[in-house]
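Quick one: the structure is below, questions incoming.
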Amino acid sequence: MSELQTATVPGDSAYQYASPLFIAWQLNSECNLNCLHCCEEAGTSFPDQLNKDQMLNICRQFAEAEIPYVALSGGEPLLCPHFWDVCGFLRSRGIDVKIETNGEMIDPATAVRLARLKLRSVQISLDGASQKAHEALRERGDWRKVINACKLLRAQEGVNTEIVFVPTSFNIHEVGAAIDLAASLNAHGFYTGKLMRIGRAARNWEKLCPTDKQYQDFFEVLDKKKEQYKGRMKVYCYPYDVIEELRYRLTTPSASLLVLPNGKVKLIGPLPFICGDLRVMSLAEVWEKYKQSWRDPRVLEFGRSVVAQPALVAKANDWIEL
Amino acid sequence: MDMPFTAHVKWRSEKFGAVVFDTLNEKVFVTNGIGGSILKMLADDLPESAISKRLREEYADADGDRIESEVSAFLDELRTRGLFASDARSGR
Ligand SMILES: C[S@@+](CC[C@H](N)C(=O)[O-])C[C@H]1O[C@@H](n2cnc3c(N)ncnc32)[C@H](O)[C@@H]1O
C-alpha cells in the first residue's frame, strides 16, 4: 500500500516533479583566486550580475516552490555583497543550504555567523595536503588560511565541514595525506571526483590532466581510506566523470537547476545551453522550459556529439540561448 | 513541517505522492499518495495509532489490520533509512 519506493539516483527523472529538488546557484563570478582548473573561469564580476532585490525575489520563489536544498557557489560566494541576505532568507524559510567556498575569507566572526545559520554544510576546497600543491593549483591562494578556516569551523558547534579535493597532476599523489588531514580537522566528509574538462581546466588540460596510472593509484588510495575512516568520516568519490554523467542525463535529466550570476539558467555544467532567465521569467516557467529543453533536438544532438568527442565539453561556457 | 525528521530531511507533496530528500546524504526517496498522507500526518505530529485510525476511516473498505501493519512498516522504513530525528516514535 504505502511502500516507500526509493529513487535509485538523487534527482532522477525531473519530469515527475512539480519543481526542482536542488538548485546550484552561482551567486557571483568574482573570485580572489585564479585557479588553473577553475571550471567557472571565475575572476571578475559579470556586468549584469543580479542585484539584492532580484536575488531575494528568486529566494522567495524557491521558498514558495518548496525547494528543499540550495547550494551557493560562485566565483567566491563570500565575496558576494548579498551572500548573507540570501543565506539568511533561505534558512529562515527552512531551505537547506550548502555553501561552496575557498575558505580564505572565514575569520572567527564569519565562522560564528556561518554556525548560527545551521547550514547543511560548509564545503571548503582543499587541493593539497601540502601548501605547495594547493597553491600551485590555486593561484593567489593561501593554504594556511584554508586550514585555519577548517579549525575555526571545527570550534563551532554543529557545523558540517566538507572538504573537496580536485585531482590534477599537481596534487593527485597527495590524496591520501589530504584525507588524513581532513580527518584531523574533524571534517564531516571528504569529497572528490575526476577533474572536469571545462573552463580553465580545458585550457590547461595537458598540464593538469592526471595519467591513467595516476588515476588508478588515486582510486586505490580512496578505497583504502574509505575503509579506514568508516563510521568516522565519509570519504566519497563521485563515480561518474563529466561525460558519463552527461550521457546519463541526456535520457534522465536531474531535478535540479544551475543558476548563473546573472540569473540565467544553464541546463547542466558541461553543455552550453541556457534554458531560461530568472530576471524575466518565473521559476515555474523556467522549470517547464528546462524540462522541454532536454527534448530539444539541438540539445540532444550537441549532447551526443560531446559524448562522442569529449574535447567539445570545452565549449560549455560559450552559452547558447534556447 | 519537518518535525519528526532529522534536521536535514525535507519532504514535500507531489502529484504522485511525496518526495523525501535527505539532503545531508543527498538521497531522494519517493512514495505514493498514501505514503504522502502518512508523511503529512507525521508532520502534524500525529502518533502512529492516530495515523492508522485516520486511514481506516478514509479507506473504510480496506482490511483494518492490513492498514495498521502497512503504517508500521512504512514508519520502520523511514527509521531504518535514518530519516527520523530520534526513536521517539518507536513507542507510539
Ligand atoms: C568553482 S568552485 C567555486 C567555489 C569556491 N570559490 C571554491 O574555490 O571552492 C566550486 C567547486 O568546484 C570545484 N572545481 C573547480 N573546477 C573544477 C574542475 N575543473 N573539475 C572539478 N571540480 C572543479 C572546486 O574545487 C570547488 O570545490
Side-chain angles (χ1 to χ4, degrees), chain A residues 1-24 62-71 90-91 93-99 117-123 157-162 188-189 191 193 231 234 236 238-239 252 254-256 287, chain B residues 1-3 5-43 51-52 55-56 58-59 62-81 83-84:
Chain A
M1 174 183 93
S2 57
E3 251 168 75
L4 190 72
Q5 303 142 352
T6 31
T8 45
V9 174
D12 243 8
S13 184
Y15 298 110
Q16 68 188 114
Y17 294 110
S19 62
L21 294 177
F22 174 66
I23 307 278
F62 289 169
E64 278 157 18
E66 294 186 66
I67 307 290
Y69 177 23
V70 175
L90 295 175
R91 291 301 300 127
R93 297 299 198 91
I95 297 174
D96 258 1
V97 174
K98 163 170 87 166
I99 69 158
L117 283 165
K118 300 203 184 313
L119 302 166
R120 171 205 176 266
S121 60
V122 179
Q123 178 189 301
E157 198 159 318
V159 178
N160 294 321
T161 303
E162 296 179 319
H188 174 79
Y191 294 80
K234 183 171 173 181
Y236 184 81
Y238 191 68
T252 318
S254 75
S256 60
W287 181 235
Chain B
M1 164 178 143
D2 296 327
M3 274 256 300
F5 300 110
T6 61
H8 302 294
V9 171
K10 310 279 163 196
W11 76 277
R12 73 172 188 221
S13 297
E14 287 285 345
K15 246 192 219 152
F16 57 82
V19 55
V20 182
F21 195 169
D22 174 356
T23 70
L24 196 56
N25 295 302
E26 298 194 338
K27 288 207 168 111
V28 176
F29 308 98
V30 291
T31 182
N32 58 19
I34 300 174
S37 306
I38 299 177
L39 289 168
K40 166 108 190 38
M41 289 188 260
L42 284 171
I51 294 175
S52 298
L55 286 177
R56 271 172 185 246
E58 212 173 304
Y59 298 90
D63 172 358
D65 289 345
R66 182 158 169 240
I67 290 181
E68 238 163 66
S69 64
E70 288 277 354
V71 169
S72 164
F74 185 77
L75 297 184
D76 275 348
E77 206 171 343
L78 293 174
R79 214 170 281 127
T80 345
R81 292 191 193 283
L83 303 173
F84 276 164

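Both backbone and side-chain heavy atoms feed into the values below; hydrogens, waters and symmetry mates do not.
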So how far is it from B:H8 NE2 to A:K98 NZ, rounded to the nearest 0.5 Å? 13.0 Å

Taking atom OH of A:Y238 and atom CD of B:E26, what is their separation to the nearest 0.5 Å? 9.5 Å

What closest approach, in Å, do B:R12 and A:P68 show between heavy atoms, and which atom pair accounts for it? NH1-CD, 3.8 Å

Who passes side chain to side chain contact (heavy atoms under 4.5 Å, CB included) against A:K118, sequence neighbours left out? A:R91

With the side chain counted from C-beta on, respond yes when B:N25 and A:Y236 share a heavy-atom pair under 4.5 Å apart, and no when they do not. no

Does any N or O in the side chain of B:K10 come within less than 3.5 Å of the main-chain N or O of A:G94, such that one atom is a donor and the other an acceptor? yes

Under the side-chain contact (heavy atoms from CB on, under 4.5 Å) rule, what do B:V28 and A:Y17 come out as? Steps first, then yes or no, please. CA-CA 12 Å; B:V28 176; A:Y17 294 110; 3.7 Å; yes

Distance-minimising heavy-atom pair for A:Q16 and B:V30: NE2-CG1, 4.4 Å

For the CG atom of A:L21 and the OG1 atom of B:T23, what is their distance to the nearest 0.5 Å? 11.5 Å

Options B:V20, B:V19, B:L78, ranked by heavy-atom pairs under 4.5 Å with chain A, top entry: B:V19

Under the rule for ring-ring contact (aromatic ring centres under 6.0 Å, His included), what residues qualify as partners of A:F62, not counting sequence neighbours? A:W25

Under 4.5 Å heavy-atom distance to chain B, tell me which part of A:A71 shows up: side chain, backbone, both or neither. neither

Heavy-atom closest pair, residues A:E66 and B:W11: OE1-O, 4.3 Å

